[in-house]
Amino acid sequence: MSCRVRFAPSPTGFLHIGGARTALFNWLYARHMGGCFVLRIEDTDAARSTQEAVDVITEGLRWLGLDWDEGPVSGDATQGSKGGHGPYFQSQRQAIYQRRARELIDKGLAYEQDGVVRFRMEREPVVIDDLVVGEVRRELTDREAVDPNFVIVRSDGQPVFHLVNVVDDLEMGITHVIRGEDHLSNTPKHIALFRAFGVSPPAYAHIPLILNSNGTKMSKRDTGASLSSYIEAGYAPEGIVNYLSLLGWSPKDDREVLSTEEIIRLFDLPQIHRHNARFDVNKLHWINYEHIRTMPQARFNELARPHLLESGIDPSRFSDDYISAALATCKEKIKVFSELPGFADFYFTETVHYDAEAAQKQLTESNLPRLRRLREAMTELPEFNAEAIQQTFKSLAKELGVKVGVLVHPVRLACTGKTVGPSLYHLMEVLGRERVLHRLEQAIAVIEKSCPTG
RNA sequence: GACCCUAUCGUCUAGUGGUUGAGGACACCGCUCUUUCAAGGCGGUAACACGGGUUCGAAUCCCGUUAGGGUCGCCA
């Protein structure tokens, strides 16, 4: 039988990075095995569930590239779903839970008391045969020794997590439950419930948790706990997927930078670790850069676009060729896309705003003749390309008896307003002769104004 | 308080009784390259939590201690 796994988040308004990793591991397993990945929305708490909150989940998964075979089409519960095991919103499955609770009462395995329905939990220790953790024999806690039974339907008629989770996994034919290790202690309850319904429980794989860099539990409030913070920071989906896959799993061959296709091929449950992993944003940064610098230019442009728009740059005002050429000079320089606007805005603005400190240092009287001479040389260049520009800088530096850097710094400032940026010669080629000459003249004018004697 | 899981460089990890004076990556520190900033190249610092066993031999197996994490809800 083909495997069926699921990701069952509750719509809290954001997607936890640990939740995203759980979704990823489920998805990887499904894709590796050729199985089915189900998305189920655990919105039993109707008050907390809004369409926006569900959209955060579906959009987060889509951004990561984790497509689901069954589940809601969108965050709008009325918009339908795909797959033959729906509905995939728990809020629409109330009748099923009531029927199942009734079944347990009828079998004498649950009973009503004080308006709630309680499940008769067995008193014996439960053995969990976990695919990751191994065989775990769970003894009763002191409270459970007093009363092992637990509530499955609240006094207001709403079913609780343990019931709905098991009923849905049962009815949806889930074969492997891959979830955070925080659920390991709940698993005896779930196993007992499956048995009460007369079926074998699914296989369990409890994956280690992601901790903060200081080793503490990552809670909702912690910075970096939300997937959206990484989307906004401009990480590439393939970088996040790669990094997340390495948290608690290893290909065991010393490779770190892997494409999603490779991870799918190599991924399997036995290679998952038992111990928690701390989130190391440095390594994420590095892996992300490795993906960014090697991705096709078209993919780079695609990921860059929202960040340009975000910063007020409208790419539609420029030709595709110009944008692509401009972005190509940034491709091996930036590590996250949020750096892009600050790095390359000069390509898309008419006026250049000089960095004040650099202007004081570079727009000086002694640089005035050099800039004049450069402007002249740039005007005369037969071909305005990076190689020719570089040659001109070199020969001019020699002629003037200065290092190339002496020319490079003021010209970079004139063209970009900054002290850092893409390769100067390439950036000048992309800008084009007309813009470069204009910006050189601007810089010259600034110096002339402040140094009348020049 | 009870129960469960875990323990190799700062971090992520390789390692499943001997080929390991413990390998890789990130980070860090040098050097180098260089039109800025990065990147790249070369080199370096850095770990088997502790204590008992088992064994000819233990990072690897067992027990304990300590530490970290998790669970014990009419939250999910």
Side-chain angles (χ1 to χ4, degrees), chain A residues 8-12 19 42-45 48 90 114-118 125-126 128 130 132-134 136-146 148 150-162 164-165 179-189 206 208-211 213-218 243 246-257 273-287 289-290 293 330 332-335 339 343 358 386 389-390 393-394 397 403-409 411-413 416 418-428:
Chain A
S10 69
T12 57
E42 300 221 337
D43 59 343
T44 48
D45 187 351
R48 260 203 291 180
Q90 288 187 335
D114 299 332
V116 303
V117 179
R118 288 176 175 274
V126 175
I128 307 160
D130 193 276
V132 171
V133 188
V136 177
R137 183 186 159 89
R138 238 296 302 258
E139 304 284 343
L140 275 69
T141 66
D142 51 2
R143 294 167 86 116
E144 287 167 345
V146 173
F150 59 94
V151 173
I152 54 174
V153 180
R154 291 192 278 254
S155 54
D156 64 358
Q158 288 295 311
V160 306
F161 164 74
H162 300 301
V164 298
N165 195 264
R179 64 190 354 177
E181 198 227 64
D182 50 337
H183 285 295
L184 186 57
S185 294
N186 289 148
T187 306
K189 289 190 174 100
H206 286 94
L209 268 23
I210 299 178
L211 271 28
S213 59
N214 62 7
T216 57
K217 184 192 180 184
M218 195 182 266
Y243 179 69
L246 259 24
L247 247 30
W249 173 83
S250 165
K252 299 188 184 288
D253 64 357
D254 284 348
R255 287 194 304 156
E256 314 274 345
V257 182
H273 304 135
R274 298 183 165 112
H275 58 268
N276 298 161
R278 299 183 189 200
F279 196 93
D280 182 3
V281 77
N282 272 324
K283 189 146 185 178
L284 166 62
H285 223 65
W286 173 76
I287 285 183
Y289 172 74
E290 290 299 310
R293 63 185 271 261
C330 306
E332 293 184 25
K333 309 287 282 186
I334 62 164
K335 290 196 167 136
E339 291 174 32
F343 194 77
I389 294 167
Q390 177 165 16
F393 269 70
K394 280 188 175 165
K403 287 184 176 175
V404 185
V406 173
L407 301 178
V408 163
H409 297 301
V411 174
R412 174 178 295 282
L413 185 71
T416 72
K418 305 174 204 298
T419 58
V420 302
S423 159
L424 179 64
Y425 310 129
H426 292 86
L427 130 206
M428 290 172 76

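Just so we're on the same page: letters track the sequence lines, and every chain starts at 1.
- Across all strands shown, A/P422 has heavy atoms under 4.0 Å from base atoms, whether or not it also approaches the sugar-phosphate.
- Here B/rU35 sits opposite no nucleotide as a Watson-Crick or G-U wobble pair (both hydrogen-bonding atom distances under 3.5 Å).
- Here B/rA76 sits opposite no nucleotide as a Watson-Crick or G-U wobble pair (both hydrogen-bonding atom distances under 3.5 Å).
- Across the P atoms, B/rC31 and B/rA38 are found 15 Å apart, a figure rounded to whole Å.
- Among the protein residues, A/H409 comes within range of the sugar-phosphate backbone only, with heavy atoms under 4.0 Å from sugar or phosphate atoms but none that close to a base.
- Nearest nucleotide to the A/K283 side chain, out of B/rC12, B/rA7, B/rG69: B/rC12.
- Across all strands shown, B/rU71 forms a Watson-Crick or G-U wobble pair with B/rA2, both key distances being under 3.5 Å.
- Among B/rU35, B/rG10, B/rG69, the nucleotide with an atom closest to any side-chain atom of A/D280 is B/rG10.
- Atom P of nucleotide B/rU6 and atom CD of A/E181 are separated by 8 Å, given to the nearest angstrom.
- Distance from the side chain of A/H275 is smallest to B/rU6 among B/rA76, B/rU6, B/rG69.
- Two residues are said to be in side-chain contact when any heavy atoms from C-beta on lie closer than 4.5 Å; A/H206 and A/V132 fail this criterion.
- At least one side-chain heavy atom of A/V151 sits less than 4.5 Å from a side-chain heavy atom of A/R118.
- Here the nucleotide nearest the side chain of A/R278, chosen from B/rG24, B/rU35, B/rU11, is B/rU11.
- Nearest-nucleotide positions on RNA chain B place A/W249 closer to the 5' end than the other of A/K335 and A/W249.
- If you check every strand for non-hydrogen atoms under 4.0 Å, A/G421 touches a base.
- For the C1' atom pair drawn from B/rG18 and B/rC61, the interatomic distance equals 15 Å after rounding to whole Å.
- Looking at heavy-atom distances under 4.0 Å, A/G180 makes no contact with the nucleic acid at all.
- When distances run from any side-chain atom of A/R412 to the nucleotides B/rC4, B/rA27, B/rU35, the shortest one goes to B/rU35.
- A/R255 comes within 4.0 angstrom of no nucleic acid atom, judged by non-hydrogen atoms across all strands.
- Comparing B/rA38, B/rU35, B/rC72 against the side chain of A/R143 picks out B/rC72 as the nearest.
- One can place NZ of A/K252 at 13 Å from P of B/rU8, the figure rounded to the nearest angstrom.
- At the phosphate of B/rU71, neither OP1 nor OP2 sits under 4.0 Å from any side-chain N or O atom of A/T141.
- Residue contacts for A/Y289: at a heavy-atom cut-off of 4.0 Å it reaches the sugar-phosphate backbone alone, with no base atom in range.
- At B/rU6, one or more side-chain N or O atoms of A/R274 fall inside 4.0 Å of OP1 or OP2 (strictly under the cut-off).
- When the P atom of B/rC3 is taken as reference, atom CD1 of A/I128 falls 15 Å away, rounded to whole Å.
- For A/R138 (side chain) and A/S185 (main-chain N/O), a donor-acceptor pair under 3.5 Å exists by modelled atom type.
- The nucleotide whose nearest atom lies closest to any side-chain atom of A/V136 is, among B/rC4, B/rC75, B/rA14, B/rC4.
- The closest side-chain heavy-atom distance from A/D114 to A/S155 is not below 4.5 Å.
- Looking at heavy atoms from C-beta onward, A/L427 lies in side-chain contact with A/R412 at the 4.5 angstrom threshold.
- Atom C1' of B/rU54 sits at a distance of 11 Å from the matching atom of B/rC63, rounded to the whole Å.
- Here the P atom of nucleotide B/rG69 and the NZ atom of A/K217 are 10 Å apart, to the nearest Å.
- Side chain A/D254 to base B/rG23: a donor-acceptor pair is found below 3.5 Å.
- A/E181 is not listed as a side-chain neighbour of A/P208, based on a closest heavy-atom distance of 4.5 Å or more.
- Using a 4.0 Å heavy-atom criterion, one finds that A/N282 contacts the sugar-phosphate atoms exclusively.
- Heavy atoms of A/I287 sit nowhere under 4.0 angstrom from any nucleic acid atom.
- Under the Watson-Crick or G-U wobble criterion, with both distances below 3.5 Å, B/rC50 is paired with B/rG64.
- With both ends at atom P, the span from B/rU20 to B/rA39 equals 33 Å, rounded to whole Å.
- Residues A/T187 and A/R179 have side chains in contact (heavy-atom distance under 4.5 Å, counting atoms from C-beta outward).
- Counting non-hydrogen atoms under 4.0 angstrom, A/E256 reaches a base of the nucleic acid.
- The residue among A/L247 and A/Q90 whose nearest nucleotide of RNA chain B is located toward the 5' end is A/L247.
- Across B/rA25 and B/rA7, the matching P atoms stand 24 Å from one another, rounded to whole Å.
- Side-chain atoms of A/T419 and base atoms of B/rU36 include no donor and acceptor less than 3.5 Å apart.
- Put simply, the side chain of A/Y243 does not reach to within 4.5 Å of the side chain of A/V281, judged on heavy atoms.
- Within the 4.0 Å cut-off from OP1 or OP2 of B/rC37, not a single side-chain nitrogen or oxygen of A/K418 is found.
- Nucleic acid contact class of A/H206 (heavy atoms, under 4.0 Å, all strands): none.
- Nearest to the side-chain atoms of A/L211 among the listed nucleotides B/rA14, B/rG69, B/rA76 stands B/rG69.
- The side chain of A/S155 has B/rC74 as its nearest neighbour among B/rA76, B/rC74, B/rC5.
- For the pair A/K333 and A/F343, the cation does not sit on the ring face, since its NZ or CZ is not both under 6.0 Å from the ring centre and inside 45° of the axis.
- One interatomic measurement links the two molecules: CD of A/E339 to P of B/rA39, which rounds to 11 Å at whole-angstrom precision.
- Taking atom P on both nucleotides, B/rA22 is separated from B/rU60 by 16 Å, rounded to a whole Å.
- Atom name P, nucleotides B/rC48 and B/rA59: the rounded distance is 11 Å, in whole Å.
- Residue-level contact check: A/L246 touches the backbone only, with heavy atoms under 4.0 Å from sugar-phosphate atoms and none from bases.
- A/D182 places its CG atom 19 Å from the P atom of B/rG68, with the value rounded to the nearest Å.
- With both ends at atom C1', the span from B/rC42 to B/rA47 equals 24 Å, rounded to whole Å.
- Using a 4.5 Å heavy-atom cutoff, the side chains of A/E256 and A/E290 are not in contact.
- Per the geometry, CG belonging to A/N276 stands 16 Å off C1' belonging to B/rU8, to the nearest Å.
- Atom CG in A/L184 sits about 10 Å away from atom P in B/rC4, given to the nearest Å.
- Each of B/rU13, B/rC26, B/rU6 was ranked by its minimum atom distance to the side chain of A/A277; first place goes to B/rU13.
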